[in-house]
Amino acid sequence: MRHIISILIENEAGALSRVAGLFSARGYNIESLTVAPTEDPTLSRMTIVTSGTERIIEQITKQLNKLVDVVKLLDLTEGPHIEREMMLIKVKASSMAQREDVKRLADIFRGHIIDVTTSTYTIELTGACAKLDSFIDALAEHKIIETVRSGVTGIARGEKSLHL
Amino acid sequence: MELSGGEILVQCLKDEGVDFLFGYPGGAVLHIYDALYNQEDVKHILVRHEQAATHAADGYARATGKPGVVLVTSGPGATNAVTGIATAYMDSIPMVVITGQVATANIGSDAFQEVDAVGITRPCVKHNFLVKDINDLAETVKKAFYVATTGRPGPVVVDVPKDITDPNIKIPYHYPESVQMRSYQPTLKGHSGQIKRAVELLLSAKKPMIYTGGGVVLGKGSEELRKFVRKLGYPITSTLMGLGAYPSSDQLFLGMLGMHGTYEANMAMHDCDVLIAIGARFDDRVTGKIAEFCPDAKIIHIDIDPSSISKTITVDVPIVGSVPDVLQEMNGLLESSKKSPDKKAIDAWWAEINGWRGMKCLSYDRNSDKIKPQMVVEMIHEITKGQAYVTSDVGQHQMWAAQYYGFDEPNRWINSGGLGTMGFGLPAAMGVQFAFPEDTVICVTGEGSIQMCIQELSTCLQYGLPVKIVALNNRYLGMVRQWQEFFYENRYSHSYMESLPDFVKLTESYGHVGIRIEKPEDLRKELERGFAMKDRLVFFDIVTDQTENVYPMIAQGKAHNDMHMSPYCEPPQDPERELS
Ligand SMILES: Cc1cc2nc3c(=O)[nH]c(=O)nc-3n(C[C@H](O)[C@H](O)[C@H](O)COP(=O)(O)OP(=O)(O)OC[C@H]3O[C@@H](n4cnc5c(N)ncnc54)[C@H](O)[C@@H]3O)c2cc1C
Ligand SMILES: Cc1ncc(C[n+]2csc(CCOP(=O)(O)OP(=O)(O)O)c2C)c(N)n1
Ligand SMILES: [Mg+2]
């Protein structure tokens, strides 16, 4: 099963390598990892997307909690949550037909065209990971020049939160 | 008081109550060595190899329960220390290792003797720190000791760049009384509801089994454990790491379990209906085949580290907490409970266990014309009245020491279980001897292992350490040879030790006493002669039977009831059980 795990970690040099090193040393899956400081500059928030059996996920959360720098952890997938990822995608769009179709698809997916040349469109799209995947699938007829994705971030719905 | 970084480090160690610092100097730590000069509170012990500094500190920690402390230089000093750090990590031993580092401004420039010590040690430390500002130094050292010694203990590395210890930069010194870390708060007290459930389950058992490990020794839980076991009258076994926490001479003790555990301990594990694991981590050398581990048992697990629980074996009643705290609460509940163990069922269970005991699985050929290694260990037990501190290296001799010495007290059996580090024994014995100068400290070793840190004979001379080295010399990397005999059709690929040194002359050249023993009839006399030399290091080079194997043995990945047995044990009393 796919899990989105959020952690608050001391914002110190090497914190990222402790987490990355844990995943590689123990052979855990890592689909994406994002990290940035929070409103409290001494804390970073990391979002890790991983997958595995229940037993492996349990070990992953225990091992992450065991890292001395990890302050708090929340497995977002255990409750209702919002998942978001941002993608920038550059698509070939030279003919009139191409330009219209790409524009139409971007509108359907609520994307924004943020850069235009005579032969390309660059689209910004935000959503759950699966929505970004579908957009790429929808562009099958077109030539994708470049994609860049931020990796997944997320937050719990409602009152629940990950804070000190 | 204004102090330089080097002086601050030394003062921190004093304030922390450190009596011994095991180390080796070099460029990056010269300022610190200068601060060590002309003071006597922290005694610096100069080893001959940084690996030995870490093992000595580790041996000191295992025997005393206090953290071992190490100081090494940058680059090769740090990399040489890594084996000892990893050894301590695998067995959860509290240790603080200070590594020198190149000056802050040179970090990352491939400077002379620069390695990324924090990066190299990250996977084998509990935590590590790079000190980037002299103002953080004292607090970082405090944190290092705090993290190393609390919760599940482990080694902590503090990497100190040379400019931080500059004698010309002085700041006011203050060593914090205590530290708080919002990201690190170990749990000691177990969940009371779970403890109640566990006690109820234990009292309902018909075939209970107690399985204890290194956590009892680490957590100083031996006394509560003894009360607990005696109150219940249930059979108890221990891992290699927990030996001595419960007296091995006691009737309730079934011996060690696992790959080289006793027949009765492993059979009782296989057949039990309630298992309580106390400070043990279900290592693969203990569980054997996971799918057939304690197939009929409900399992209770007490461990201070949540990640040890349900890691390999799923348990029914998890209890996160420290052994003495949790057992004390359990003992209280047992005291006040109206229920008591099911006497009829427990008697029947003991009858079954005593049947297994009847096999006398640790029997060996006592009439051989060759010296049997098991006999050597039994004899040193007699000569030292079971009171010695015994360290070991890794191999067959390690297993024989564990099986035949018979430890009655915790912290007396000191060996590398998790990493299995050859070369551990002698430096570890040095650390123990420093802590207990009046006690007998024995290093049981093999002719292979001893050569991995033999240079420490020189350290032993410098500090007058009267360690007794008992080398079971079988001219083989015996444990490797045994596996090759059992699983590779006697193809002894590179397990033979050729061109051995004359250990007696070698020992003498280091200024110690060497005694070679070749015949069984000389064994007792020569051992007694050597052990009588209280003030001297004696190296016993004992020529043992080359073909002897460690029994019983569960082959890797096999179940507990599937053991290779010694040809000298009694026939099985339960004919339905086939022996391999
Ligand atoms: C050649 C060789 C053969 C071996 N054969 C065997 C064998 O036959 N049998 C055997 O048992 N081992 C054997 N070993 C050792 C084996 O590899 C493991 O090291 C050992 O089994 C682990 O012991 P343990 O479970 O007690 O755990 P340890 O490594 O001692 O771990 C201690 C556990 O206790 C927990 N703990 C620590 N402090 C506390 C506290 N205060 N309160 C509660 N919990 C705490 C820790 O979190 C950890 O889970 C062998 C090793 C070698 C090198
Ligand atoms: C540093 C290291 N290298 C290799 C091994 C693998 N190994 C385990 S036991 C053993 C043989 C040890 O030989 P010896 O010290 O003579 O002991 P014996 O088994 O003969 O009693 C070896 C090579 C190890 N445990 N440690
Ligand atoms: Mg040998």
Side-chain angles (χ1 to χ4, degrees), chain A residues 1 3 5-28 30 33 35 37-46 48 50 52-75 78 161-164, chain B residues 86 89 92 104 107-108 116-133 136 140 143-144 146-159 161 179-187 281-282 290 303-315 318 320:
Chain A
M1 244 264 280
H3 283 249
I5 298 171
S6 285
I7 57 183
L8 286 176
I9 188 165
E10 296 289 354
N11 185 7
E12 275 173 24
L16 176 60
S17 65
R18 287 182 208 280
V19 173
L22 172 71
F23 275 76
S24 65
R26 294 189 183 264
Y28 302 143
I30 195 160
L33 187 160
V35 56
T38 63
E39 76 283 3
D40 171 352
T42 66
L43 282 176
S44 291
R45 172 138 173 173
M46 226 179 252
I48 301 161
T50 182
T53 60
E54 280 313 300
R55 144 172 264 124
I56 288 174
I57 298 296
E58 185 181 327
Q59 265 301 308
I60 290 175
T61 56
K62 284 174 167 178
Q63 293 291 348
L64 282 168
N65 262 317
K66 191 168 145 180
L67 290 177
V68 168
D69 279 342
V70 170
V71 186
K72 247 183 166 178
L73 178 149
L74 178 66
D75 183 346
E78 274 181 355
S161 66
L162 178 64
H163 68 117
L164 285 196
Chain B
Y89 179 69
S92 307
T104 324
I107 288 180
D116 175 8
V118 165
I120 286 178
T121 59
R122 194 195 318 109
C124 60
V125 292
K126 183 167 171 187
H127 196 56
N128 55 20
F129 299 93
L130 170 65
V131 181
K132 283 193 274 188
D133 182 340
D136 297 338
T140 305
K143 279 186 184 166
Y146 172 61
V147 170
T149 54
T150 51
R152 179 178 183 167
V156 174
V157 166
V158 183
D159 201 25
V179 272
Q180 285 286 324
M181 292 170 76
R182 61 180 173 185
S183 63
Y184 173 74
Q185 277 141 2
T187 316
R281 59 181 173 83
F282 296 84
I290 298 281
D303 203 293
I304 203 161
D305 177 0
S307 77
S308 278
I309 295 178
S310 293
K311 181 166 66 176
T312 51
I313 302 284
T314 308
V315 306
V320 177

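Hydrogens, waters and symmetry mates are skipped; everything else that's a heavy atom, side chains included, is used. Sequence lines set the chain letters: A, B, ... in the order given, protein chains first and strands last, and positions in each chain run from 1.
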Turns out that what part of Leu164(A) lies under 4.5 Å from chain B's heavy atoms comes down to side chain
Indicate yes or no for a side-chain donor-acceptor contact from Lys62(A) to the backbone of Ile309(B) under 3.5 Å, with no hydrogens or angles considered.
-> yes
Looking only at Ala25(A), Gly21(A), Ser17(A), the option with the highest number of non-hydrogen pairs under 4.5 Å against chain B is Ser17(A)
Of Val71(A), Thr61(A), Val68(A), the largest count of non-hydrogen pairs under 4.5 angstrom with chain B goes to Val68(A)
When every non-hydrogen atom of Ser307(B) is compared with those of Gln59(A), the smallest separation belongs to O-NE2, 2.9 Å
When the 4.5 angstrom heavy-atom criterion is applied to Arg182(B) and chain A, the contacting part is both
NZ (Lys132(B)) and CD (Glu12(A)) are apart, to the nearest 0.5 Å, by 8.0 Å
Any Glu10(A) side-chain heavy atom under 4.5 Å of Met181(B) side chain | no
Bottom line for Glu58(A): the part with an atom under 4.5 Å from chain B's heavy atoms is side chain
Turns out that what part of Arg55(A) lies under 4.5 Å from chain B's heavy atoms comes down to side chain
Can you establish whether the number of heavy atoms outside Lys66(A) located under 6.0 Å from its atom NZ is more than 12? yes
Looking at Val70(A), is its backbone amide N or carbonyl O close enough to the side chain of Ser183(B) to form a donor-acceptor pair, meaning the two atoms are under 3.5 Å apart? no
Bottom line for Thr42(A): the part with an atom under 4.5 Å from chain B's heavy atoms is both
Practice task
Please examine the side chains of Arg18(A) and Asn128(B), heavy atoms only from C-beta on, and report whether any two atoms are closer than 4.5 Å.
Solution key: yes
Counting heavy-atom pairs under 4.5 angstrom with chain A, the leader among Leu130(B), Thr312(B), Val118(B) is Thr312(B)
